[in-house]
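Computed over heavy atoms, backbone and side chain alike; hydrogens, waters and symmetry mates excluded.
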Amino acid sequence: AMMARMLRVAEFTVDEFLKLLRIIIYAFTVVLLIQQFCVLTGLPVFNQTTVYGEPWKLDSLAREPSYMVTILSILIFFFGLISKAGHPDQNLLYNIRKNPWTWICYLWCLFTCYTASAYVALPLSLIPWIDRRNLVRSIGILVAVITACMIINNFIPSHQFSRTQRTVAALVTLDSAKIVDADLSASERIIPAMTIMKKLHVDDADFWLGHGSDKAMKDVRPTPLETETSPYIFNVWYNYGFLAELGLLWLIFNVCLIRRKPITWIISAAAFIYIAYNNCSAIWMILIFMMQYRVSVNPASPLLKPLKKADILRRS
């Protein structure tokens, strides 16, 4: 609520907000480069929160590499969305030529931090640049790139691309054993959700009112890595009930969904997935950036308009 007021008062222009996004991307890149320099020279790694067996698996300003990829991809997604809102005549190639360092930094962070998430995040982050005029061409390019990567992977194997390929193939089957065999790390996020989903029954009062705070973390065991984890997408629902879930869904769709703009369905779905963490940077970034997008598209957006005294009295 406070951020909505601040965005209204700040009166960011499109270019000012895009500059802010670029600065954040540059900050992630600079820290990652320092970390990579530390690995290369044998120095203690700067700002490292999680240590992995693979020394180049670095996290920059995030908690782990996959979170860094998520945050940067959300930034690039809204960089494209807000760019198009302010400059409808721009396309992706023009934007890359205009902001080459932004894209170089983004791609460097994605593909040098040693995480399979990059192969999923990159195509999703480019969705804002797809419209009716280039839809068929975009699908064709995507299919061609995926095919080329699969062919190249046969000659020059990439562990991270292979992980992504195996996980997607296993996920389609919804077979727990196959998902675990495909990728243990990914299964730690997927299997708990599948386990808790089976425990939700509409005729149970706890379905509506919840099982209790942190109950999901106890009932999700055993997990593939035998760690304390949440069931992600069903976390709020299982702990606090479907009614609480509806409240969060109302917030998400009220902020993210805009009529006659299909891309906002994708944003709403992403927000729904990330709300599973209860309180993480991704969900707040999506909500804040969507509010800025609303201002960019429609400065008179009712979502961000302060209530007048007459409106308050009428509603009460």
Sub-4.5 Å side-chain heavy-atom contact between R166 and D181: no
NZ/NE/NH1/NH2 to OD/OE distance under 4.0 Å, K84 and D131: yes
Side-chain heavy-atom pair S83, W129 within 4.5 angstrom cut-off: yes
Side chain proximity check, I196 to N235, heavy atoms < 4.5 angstrom: no
Side-chain (W208) to main-chain (V202) donor-acceptor, under 3.5 angstrom: yes
Close aromatic pair by centroid cut-off 6.0 Å: F17 and F289: yes
Spacing of I267 atom CD1 and I127 atom CD1 [to the nearest 0.5 Å]: 9.5 Å
Residue of the set W237, F234, Y240 for which ring-ring contact (aromatic ring centres under 6.0 Å, His included) holds with F207: W237
Residue pair M290 / I258, side-chain heavy-atom distance below 4.5 Å: yes
E64 side chain near Y52 side chain, heavy-atom distance below 4.5 Å: yes
Any side-chain heavy-atom pair of L107 and L122 under 4.5 Å: yes
Y114 backbone acceptor or donor facing K57 side chain under 3.5 Å: yes
Under 3.5 Å: donor-acceptor pair, side chain of N239, backbone of K215: yes
Side chain N47, main chain S60, donor-acceptor under 3.5 Å: yes
D15 side chain vs G86 backbone, donor-acceptor pair below 3.5 Å: no
Test ring-ring contact (aromatic ring centres under 6.0 Å, His included) applied to Y238 and H211, step by step: CA-CA 6 Å; Y238 193 80; H211 294 74; 3.8 Å; yes
